[in-house]
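Notes for the one structure printed next.
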Amino acid sequence: MKRALNILKWVFLGIYFPLMLSFVSVSSRSTICIDVNVVIRDSIEAGFVSAADIRSSILDKYPDLLGSPINKIDFYKMESFVNEHTAIKTTQVYNTARGVLQVMVNQHQPIVRVFAPEGTYYLDLNGQRIPVSNRFTARVLVANGHIPADKSDLVNVSRLIATDPFWNAQMEQIYIRRNNEYILVPRVGEHWILLGQPERVEQKLAKLKALYKQGLDPLEWNEYQLINLKYENQVICSRNRDL
């Protein structure tokens, strides 16, 4: 008897699961797209794009999207289309059981705003250029002066500052001289920091941090106009800004 029950159980399972899979497959094929829901995951940190704008661009690109079967939508092509926006880093598109198309978006995170002869724009951690937006201004470093065509050094210096909580709070501007020497302008104090050529930057910033934290009394900072880090194994504090 027990053996017969076991046989019946396996026969039942063998029929049940194919039927359920068939039902789910038919249900998926018949699901109609009734709406598009866009979520900007990092909207608190950056606001270069809005969910409404992305939704509108998708519906303009795919005018027959609403009312179409979900299984007719090419999610990969839609993700590629949304990613064409210069402010967007990644996009994930998927559907829900009730027919709402979900579009999850991540933006590029700027680390520096560049003011160059060709215009102003942001750069992210990877050097990706992000256009400025009328709706959002990122509170990041500003870089100006003689901006080189190759931005790799600028990105590296900006990255070291932006990803360090101490420097991110302390520095507000990078100025690049004609000879490609970098000057840092802090938020607090009247002094400038001559970084020199953009090489050994981590070591130079480590020396500067030691000076900030252990070297000078806070009352002494206003006595100096320039801190020179360009020479190896030296930190020179000057009462004038002779470069």
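Just the heavy atoms: all of them, side chains too, but no hydrogens, waters or symmetry mates, feed the values below.
Residues Met104 and Ile88 do not share a hydrophobic cluster, defined by chaining ILVMFWY side chains whose heavy atoms lie under 4.5 Å apart. Both Leu229 and Trp167 belong to a common hydrophobic cluster when Ile, Leu, Val, Met, Phe, Trp and Tyr are linked at side-chain heavy-atom distances under 4.5 angstrom. Linking Ile, Leu, Val, Met, Phe, Trp and Tyr residues whenever their side-chain heavy atoms come within less than 4.5 Å places Leu59 and Phe81 in a single cluster. Note on Phe166: it clusters hydrophobically with Leu211, by side-chain heavy-atom contacts below 4.5 Å among ILVMFWY residues. Using a 4.5 Å cut-off between side-chain heavy atoms of Ile, Leu, Val, Met, Phe, Trp and Tyr, with links allowed through other members, Ile73 and Leu66 fall into the same hydrophobic cluster.
Under the 4.5 Å side-chain criterion, counting only non-hydrogen atoms from C-beta, Val105 is in contact with Ile40. Inter-residue side-chain proximity for Phe48 and Asp53 is flagged as unmet; no heavy-atom pair is nearer than 4.5 Å. Under the 4.5 Å side-chain criterion, counting only non-hydrogen atoms from C-beta, Ile176 is in contact with Pro148. Residues Lys230 and Gln197 have side chains not in contact (no heavy-atom distance under 4.5 Å, counting atoms from C-beta outward). Leu123 is listed as a side-chain neighbour of Arg129, based on a closest heavy-atom distance under 4.5 Å. Between Val82 and Ile58 the shortest side-chain heavy-atom distance falls below 4.5 Å.
Here OG1 of Thr163 is found 7.0 Å from CG of Leu125. Values are rounded to the nearest 0.5 Å. To the nearest 0.5 Å, atoms NZ (Lys204) and CG (Leu184) are separated by 10.0 Å. With values rounded to the nearest 0.5 angstrom, Asn228 atom CG is found 10.0 Å from Ile183 atom CD1. Summarising the geometry, atom CG belonging to Leu195 is positioned 9.5 Å from atom CG belonging to Leu160; distances are rounded to the nearest 0.5 Å. Separating the NE2 atom in His146 from the CZ atom in Arg177 is a distance of 9.0 Å, to the nearest 0.5 Å. To the nearest 0.5 angstrom, Asn83 atom CG is 11.5 Å from Gln92 atom CD.
Looking at Lys151, its side chain does come within 3.5 Å of a backbone N or O of Ala149 through a donor-acceptor pair. Put simply, the side chain of Asn106 never gets that close to the backbone of Arg41: no donor and acceptor are under 3.5 Å apart. Judged by distance alone, with hydrogens and angles left aside, the side-chain atoms of His191 form no donor-acceptor pair with the main-chain N or O of Leu226 at under 3.5 Å. Checking side-chain atoms of Ser56 against main-chain N and O of Ala52 turns up no donor-acceptor pair under 3.5 Å. Not a single donor-acceptor pair under 3.5 Å links the side chain of Gln128 to the backbone N or O of His108.
Thr31 and Gly99 get closest at one heavy-atom pair: CG2-CA, 3.7 Å. Closest approach of Ile111 and Asp124 over heavy atoms only: CD1-O, 3.7 Å. Taking each heavy atom of Val157 and Pro198 in turn, the nearest pair found is CG2-CB, 4.2 Å. Among all heavy-atom pairs drawn from Pro110 and Val140, the shortest one is O-CG1, 3.5 Å. Between Val142 and Val112 the shortest heavy-atom distance is C-CG2, 4.3 Å. When all heavy atoms are compared, the tightest approach of Thr91 to Val93 is CG2-CG2, 4.1 Å.
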- For side chain to side chain contact (heavy atoms under 4.5 Å, CB included), just list the numbers for Phe75 and Leu101, CA-CA rounded to whole Å, side-chain angles, deciding distance to a tenth of an Å, and then say yes or no. CA-CA 10 Å; Phe75 292 172; Leu101 199 66; 3.6 Å; yes
Check your understanding: Could you walk me through whether Val36 and Ile54 pass the side chain to side chain contact (heavy atoms under 4.5 Å, CB included) check?
Key -> CA-CA 10 Å; Val36 177; Ile54 297 300; over 6 Å; no
Apply side chain to side chain contact (heavy atoms under 4.5 Å, CB included) to residues Tyr122 and Leu141 and explain how you reach the verdict. CA-CA 10 Å; Tyr122 296 98; Leu141 277 168; over 6 Å; no
Side chain to side chain contact (heavy atoms under 4.5 Å, CB included), that's the test. Do Asn156 and Ser152 meet it? Break it down for me. CA-CA 6 Å; Asn156 181 52; Ser152 56; over 6 Å; no
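Side-chain contact of Thr120 with Arg113: a donor-acceptor pair under 3.5 Å is present, judged by distance alone.
Under the salt bridge (Lys or Arg N to Asp or Glu O under 4.0 Å) criterion, the residue pairs touching residues 153-165 are Asp164-Lys209, with sequence neighbours excluded. Here salt bridge (Lys or Arg N to Asp or Glu O under 4.0 Å) pairs that include residues 81-98, with residues two or more places apart or in two chains, number zero.
Surrounding CD of Glu118 are more than 12 heavy atoms belonging to other residues, nucleotides or ligands, all under 6.0 Å away. With a 6.0 Å radius and a threshold of 12 heavy atoms from other residues, nucleotides or ligands, Tyr231 has its OH atom at or below the threshold.
Residues meeting the salt bridge (Lys or Arg N to Asp or Glu O under 4.0 Å) test with Arg200, sequence neighbours left out: none. In this structure Ser68 satisfies the side-chain contact (heavy atoms from CB on, under 4.5 Å) test together with Asp64, sequence neighbours excluded. Scored by the ring-ring contact (aromatic ring centres under 6.0 Å, His included) test, Tyr182 finds no partners at all (sequence neighbours excluded).
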Pairs under 3.5 angstrom only: tabulate donor-acceptor contacts from the side chains of residues 168-175 to other protein residues two or more places apart or in another chain.
from	atom 1	to	atom 2	distance (Å)
Gln170	NE2	Tyr212	OH	3.2
Gln173	NE2	Asn144	OD1	3.1

